[in-house]
Amino acid sequence: MTDELLVVRAQLGERAAVAELVARWRIPVWTYVRRMLDAERADDVSQEVWLAVVRGLPRLREPDRFAPWLFTIARRSVADRLRSEYASEKEGFAASDAVAEDPVGAMVDRAEMVSVLSGLPVLEREILVLFYLEDLSVEDCAQICQVPAGTVKSRLNRARRMLRTHLEEKGFRP
Amino acid sequence: MTEEPRLSAQEMIEQLEPSFSLKRRIRAVVALSAGLAGAVFVTALWLGESGLPGRTGLAFGLFIVICLTWAGYGGWLLTRRVPLFATDQVIAAWIGLTASVATTAVVAAIAVQRGRGLALALVVGGLFVATALTLAVRAHGRRAALLRRVRELTDGDAGKPWES
């Protein structure tokens, strides 16, 4: 059964469809949140995300765009949490983007990437998680992060370059 | 990576249960409908009485504020706390329509009994009924559209048995 069919059934009020959506997307949402926050906060924020999803579901106008909508909510919840905890820090979702031309490194293995992700800045970590771990398209990432597709590409390039540097520092070689 | 979320899917769904509570949704719809209906009713009574002492006027004002507070609480619940899915919206719209018609009828009956204010009662009541009717039509339309989409998607799936 497609996500769209599940979403439409959920919008009609079928609780089984909501339960199926939760079962299907619980781990991807948690994985995204966990890569952005520590384990304890990831559980709390994941719950907040699902609460917001259930409350917002009746108003979702494009059921076929469920995944980008879901990660937009997850991103907002993570941003709110980070903002409240690091209000004084300049680093965050509003940081500027410099274009970097360094297409990389498909050599990076998923597990290795996960282990070094925590060392990357928020914006770069986020785009790698959405693009590689959640397998979302550049267009979906752009919608979720509310930036143009070109910015997503440049952010990805910069993130991959930083990731490669981190991996090399840890002794990994392509 | 072996790390996993602390809550299982079942536990997560249980955490979401309050949002699906039928009691909570009924409470929200009833608070909104009764609050608005009460406010209209008390306002009609107040306007129908002339030369009331100041304290009585104050009491009417307080009643109206209380009714509007309940209506506000119901509206807040519906927009912020309890999701109204398409089927719920149809039921809520009919509750709203029933409350609007009943309030209009009662207020109009009082106006007829007193021999004045019938036009105002009908105009205000008609406004409420028209709004409730519009919401009911929209709710039915939205539900019908979703049901149609379910049929299209289900037929699409049935036509592609090789896909899971």
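In the text below, chain A, chain B and the rest are named by the order of the sequence lines, each starting its count at 1.
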Carboxylate-amine/guanidinium proximity below 4.0 Å for E17(B) and R15(A) = yes
Single-linkage hydrophobic cluster, 4.5 Å side-chain cutoff, V101(B) and V107(B) together = no
task = Tell me, for V18(A) versus chain B, whether the close heavy atoms (under 4.5 Å) come from the side chain, the backbone, both or neither.
result = side chain
ask   = chain A heavy atoms under 4.5 Å from Q10(B): which part of the residue, side chain, backbone, both or neither?
value = neither
task = State, to 0.1 Å, how close L146(B) and V8(A) come at their nearest heavy-atom pair, and which atoms those are.
result = O-CG1, 3.4 Å
message = I'd like to know if E40(A) pairs up with R6(B) as an ion pair, taking the criterion as any Lys NZ or Arg NE/NH1/NH2 lying under 4.0 Å from an Asp or Glu carboxylate oxygen.
response = no
ask   = With hydrophobic residues grouped by side-chain heavy-atom distances under 4.5 Å, do L97(B) and L135(B) end up in a single group?
value = no
query = Roughly how far apart are I27(A) CD1 and E4(B) CD, rounded to 0.5 Å?
reply = 5.5 Å
query = For R138(B), does the CZ atom sit with more than 12 other heavy atoms under 6.0 Å from it, leaving out its own atoms?
reply = no
ask   = Transitively linked via ILVMFWY side-chain contacts under 4.5 Å: V22(A) with L60(A)?
value = yes
inquiry  = So which atom in T79(B) and which in R59(A) form the shortest heavy-atom distance, rounded to 0.1 Å?
reply    = O-NH1, 4.0 Å
query = Can you name the residues that form a side chain to side chain donor-acceptor pair (under 3.5 Å) with R25(B), not counting sequence neighbours?
reply = D88(B)
inquiry  = Between L6(A) and chain B, with a heavy-atom cut-off of 4.5 Å, which part of the residue counts as in contact: side chain, backbone, both or neither?
reply    = neither
request  = Identify the two heavy atoms, one from M12(B) and one from W50(A), that lie closest to each other, and give their separation to 0.1 Å.
outcome  = CE-CD1, 3.7 Å
query = Do V122(A) and L133(A) belong together in a cluster built from hydrophobic side chains that touch within less than 4.5 Å?
reply = yes
query = Measuring from L153(B):CG to T2(A):OG1, what's the distance to the nearest 0.5 Å?
reply = 5.0 Å
inquiry  = Could you check whether atom CH2 of W69(A) has more than 12 heavy atoms from other residues, nucleotides or ligands sitting under 6.0 Å from it?
reply    = yes
request  = Test side chain to side chain contact (heavy atoms under 4.5 Å, CB included) on L7(B) and D43(A) and set out the steps.
outcome  = CA-CA 7 Å; L7(B) 292 180; D43(A) 285 317; 5.7 Å; no
Heavy-atom pair of closest approach, residues R26(A) and P5(B) = NH1-CG, 3.4 Å
query = With no hydrogens and no angle check, is any side-chain donor or acceptor of R81(B) less than 3.5 Å from a backbone partner on R55(A)?
reply = no
task = Tell me whether V30(B) is reachable from L36(B) by hopping between hydrophobic residues (I, L, V, M, F, W, Y) whose side-chain heavy atoms are closer than 4.5 Å.
result = no
key: Polar side-chain atom of T87(B) near backbone of L12(A) as donor-acceptor pair, under 3.5 Å   = yes
task = Kindly compute the distance separating CD (E4(A)) from CD (E152(B)), expressed to the nearest 0.5 Å.
result = 9.0 Å
inquiry  = My understanding is that only one of I13(B), V82(B), L16(B) makes a side chain to side chain contact (heavy atoms under 4.5 Å, CB included) with V54(A); could you say which?
reply    = L16(B)
key: Residues in side chain to side chain donor-acceptor pair (under 3.5 Å) contact with W94(B), at least two apart in sequence or another chain   = H140(B)
query = Crowded around F63(B) CZ? As in, over 12 foreign heavy atoms under 6.0 Å?
reply = no
task = Measure A19(A) against the heavy atoms of chain B and call it side chain, backbone, both or neither at under 4.5 Å.
result = both
task = Search all heavy atoms of L84(B) against all heavy atoms of P58(A) and return the closest pair with its distance.
result = O-CB, 3.4 Å
